[in-house]
Amino acid sequence: MSLILYNTLTRRKELFTPLDPGRVTMYVCGPTVYNYAHIGNARPAVVFDVLFRLLKARYPQVLYARNTTDVDDKINAAAKAQGVPIRTITDKFTAIYRADMSALGVLPPTLEPSATEHIPQMIAMIEVLMAKGHAYAAEGHVMFHVPSFTGYGQLSGRNRDDMIAGARVEVAPFKKDPADFVLWKPSTPDLPGWDSPWGRGRPGWHIECSAMIEAHLGPTIDIHGGGHDLIFPHHENELAQGTCAHGGKTYAQVWMHNGFLTMDKEKMSKSLGNIVTVHELLKNAPGEALRWALLGAHYRQPLDWSDETVAQAKATLDRAYRALGEVWDIEAKSNTAPTALTEALEDDLNTPKAMAEIAALVKALNSAKDADEKARLKGELLAAGTLLGVLQQDPEKWLAKDLDIDEAWIIQMIEARASARKARDFKEADRIRGEIAAAGIEIKDNPDGTTTWAAK
RNA sequence: GGCCGAGUGGCAGAGUGGCCAUGCAGCGGAUUGCAAAUCCGCGUACGUCGGUUCGAUUCCGGCCUCGGCCUCCA
């Protein structure tokens with residue numbers, strides 16, 4: 001079996017061949033920590049988490065870095081508005097981001113480098129770029145000179161003329177070329193800044209990722225991921241810097257970009273204001289349901305988000321957990337996901353197809369008669385869940401979730417109902433069931449005469 | 001304007017040149033005291049107009065509609 005990934009750079013699916021199979025490297029652009037992450041921000045974290053899990057199952061060592069941008073104009077603005085140091089803002093939202101992602105079943109990456117911890121590396125890289133004639137200093141800024149890199153534009157598929165023609169930004173007078181972008185910019189005394197050969201300043205956005213990749217993963221990485229909107233200018237610029245700083249070496253072998261979440265077909269974004277934060281969503285739905293919903297569409301496709309999306313995901317997971325609950329006391333006999341599921345994921349992370357395989361497993365488990373088959377199917381289902389990062393909880397806990405349950409009371413009610421049923425007083429039995437139902441508990445009469453319960 | 005993507009059943013959403021996605025919801029049946037759960041079954045789904053083909057939702061072309069990037073943005 002082989003792993004196939006779609007590469008934005010070549011615009012086709014390619015066989016994934018790591019440079020060093022003993023050390024696979026992946027870098028994904030993480031959050032700028034100045035606010036709560038919305039569910040759209042969570043998509044790359046979840047998508048690349050699935051890829052991380054898949055890679056870990058195939059290769060002995062996977063180095064996965066996801067950065068935190070903790071120096072940025074928006075952070076400065078937030079800090080100023082609240083009258084606190086930027087660290088107060090960035091520490092708070094870094095912690096919240098990690099907690100949110102954890103609730104979504106996202107494994108911690110191998111590395112979580114932050115920009116402010118890598119200023120010397122950024123300065124060093126800028127100096128290399130200047131020494132090689134790819135960058136120049138002007139009025140306290142250091143600019144990357146785009147015409148110095150002939151490959152510029154290959155990732156986003158646009159040529160310089162297009163960009164200049166469509167440019168909506170005003171061209172700063174000190175730019176040698178309208179397409180040149182900033183590597184270092186001056187800071188005013190009231191803003192965060194670091195000493196540099198070009199005066200006190202702060203890094204441009206793009207250099208941050210390139211410097212951290214170089215520092216932790218090396219000159220060439222296997223996979224670089226992020227949201228679709230980062231292709232231009234962010235990744236195009238990263239590619240230019242990284243390639244030029246390393247004398248033309250490949251910067252990243254595979255570029256992967258996830259599509260957007262939409263609300264009513266329109267991109268979810270902070271500027272449009274049509275966002276819903278993970279923090280808010282978690283108040284009404286388990287993180288695993290949000291994760292399932294996020295994986296419900298192929299990662300490169302848009303995904304329309306609504307309350308209905310979450311409700312459907314929750315209902316589907318409920319069903320799977322009910323099936324697991326039925327066999328919870330049987331010891332699993334397999335730890336391998338079905339081939340069809342693995343193959344779906346290995347075909348450019350086809351999570352919807354993988355989820356269809358999970359549904360097939362659930363159905364088979366519900367139909368299984370003998371204990372051996374149940375044990376095997378349970379193992380396969382759990383293994384499949386591990387790959388996708390779902391179905392790892394105790395079914396009883398999942399089904400009882402979010403309710404303040406007085407178990408003794410329920411058992412008492414069930415017993416009372418059992419006596420009523422025995423006496424064929426069904427009216428009373430139904431009345432009791434109604435009372436239990438009113439408390440949010442659903443009861444179920446099993447073929448063997450027992451009665452079990454679960455939260456609705 | 002340039003570049004890119006998408007239009008699939010009530011909803012979400014895969015995929016394929018001829019046969020089945022899958023889940024949620026709905027309907028019918030089995031089961032049940034009744035339910036719930038579960039199982040079985042059902043619904044003339046592939047924007048539009050042409051072309052290629054024995055056959056197209058799937059390939060090609062036109063058209064319509066929608067979205068994304070080109071500015072911070074996952």
Side-chain angles (χ1 to χ4, degrees), chain A residues 8 11 28-32 34 37-48 69 72-74 77 153 156-159 161-170 205 225-234 236 257-262 264-272 275 292-293 295-306 308-320 322-323 325-326 344 347 350-360 362-363 365-367 420-421 424-427 429-430 433-434 437 441-447 451-454 456:
Chain A
T8 306
R11 278 152 227 284
V28 173
C29 291
T32 300
Y34 70 100
H38 65 250
I39 189 69
N41 298 130
R43 194 178 193 189
V46 169
V47 163
F48 290 103
T69 297
D72 176 271
D73 288 345
K74 284 176 185 160
S156 55
R158 52 190 88 204
N159 61 50
D161 292 341
D162 291 342
M163 288 183 277
I164 294 163
R168 285 189 242 160
V169 269
E170 234 177 286
W205 176 34
H228 200 257
D229 53 348
L230 297 181
I231 296 174
F232 190 88
H234 184 51
E236 191 71 75
H257 295 95
N258 63 274
F260 288 114
L261 251 56
T262 57
D264 293 326
K265 303 289 176 195
E266 203 173 31
K267 175 185 173 183
M268 185 187 289
S269 75
K270 283 171 192 160
S271 42
L272 285 170
I275 63 164
W292 187 267
L295 295 175
H298 183 86
Y299 77 92
R300 281 190 280 122
Q301 295 303 125
L303 168 61
D304 203 41
W305 192 268
S306 68
E308 184 67 13
T309 318
V310 182
Q312 291 184 4
K314 170 75 164 56
T316 305
L317 282 172
D318 282 348
R319 180 177 145 82
R322 277 194 298 266
E326 292 296 319
D347 180 14
N350 193 335
T351 50
K353 202 170 180 186
M355 288 156 81
E357 295 302 330
I358 285 194
V362 168
K363 183 170 281 189
L365 194 54
N366 281 329
S367 306
R421 291 179 75 204
R424 302 195 67 77
D425 183 355
F426 296 121
K427 204 174 162 191
D430 286 350
R433 183 171 58 200
I441 307 296
E442 202 155 71
I443 59 174
K444 174 183 156 196
D445 297 326
N446 300 302
T451 297
T452 48
W453 60 273
K456 264 197 268 201

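Letters A, B, ... are given to chains in the order of the sequence lines, protein chains preceding strands, and every chain is numbered from 1.
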Can you figure out which of [options] approaches the side chain of [X] most closely?
X      : options             : value
A/R433 : B/A35, B/A12, B/U38 : B/A35
A/L230 : B/A36, B/C39, B/A74 : B/A74
A/R421 : B/C70, B/C73, B/C34 : B/C34
A/P352 : B/G33, B/A74, B/A14 : B/A14
A/D430 : B/A14, B/A21, B/C34 : B/C34
A/R322 : B/C73, B/C69, B/U38 : B/U38
A/K353 : B/A14, B/C73, B/A36 : B/A14
A/K363 : B/A12, B/A74, B/C39 : B/C39

Tell me which nucleotide, if any, is Watson-Crick or G-U wobble paired with [N] when both distances must be under 3.5 Å.
N     : result
B/G55 : none
B/C69 : B/G2
B/C24 : B/G10
B/G43 : none
B/G33 : none

- Query: Hey, which of these two, A/P44 or A/A315, hits RNA chain B nearer its 5' end, going by closest nucleotide?
  - Reply: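 Its nearest nucleotide lies further toward 5', so the answer is A/A315.
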
- Item | Crowding at CZ, A/R424 (>12 non-hydrogen neighbours, <6.0 Å) |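 Atom CZ in A/R424 is not crowded, with 12 or fewer foreign heavy atoms closer than 6.0 Å.
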
- Message: More than 12 heavy atoms of other residues, nucleotides or ligands under 6.0 Å from NE2 of A/H234: yes or no?
- Response: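 Yes, because the 6.0 Å sphere around NE2 of A/H234 holds more than 12 heavy atoms from other groups.
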
- Item | Validation row: A/K270, A/N41 side chains within 4.5 angstrom (heavy atoms) |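 Yes, side chains in contact.
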
- Item | Carboxylate-amine/guanidinium proximity below 4.0 Å for A/K353 and A/D347 |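 A/D347 and A/K353: not salt-bridged.
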
Across the strands shown, which category fits [X] at heavy-atom distances under 4.0 angstrom: base, sugar-phosphate, nothing?
X      : answer
A/L303 : sugar-phosphate
A/K74  : base
A/N350 : sugar-phosphate

- Query: Can any side-chain N or O of A/S156 pair as donor or acceptor with the backbone N or O of A/F232 at less than 3.5 Å?
  - Reply: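 Looks like no, no N/O pair under 3.5 Å.
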
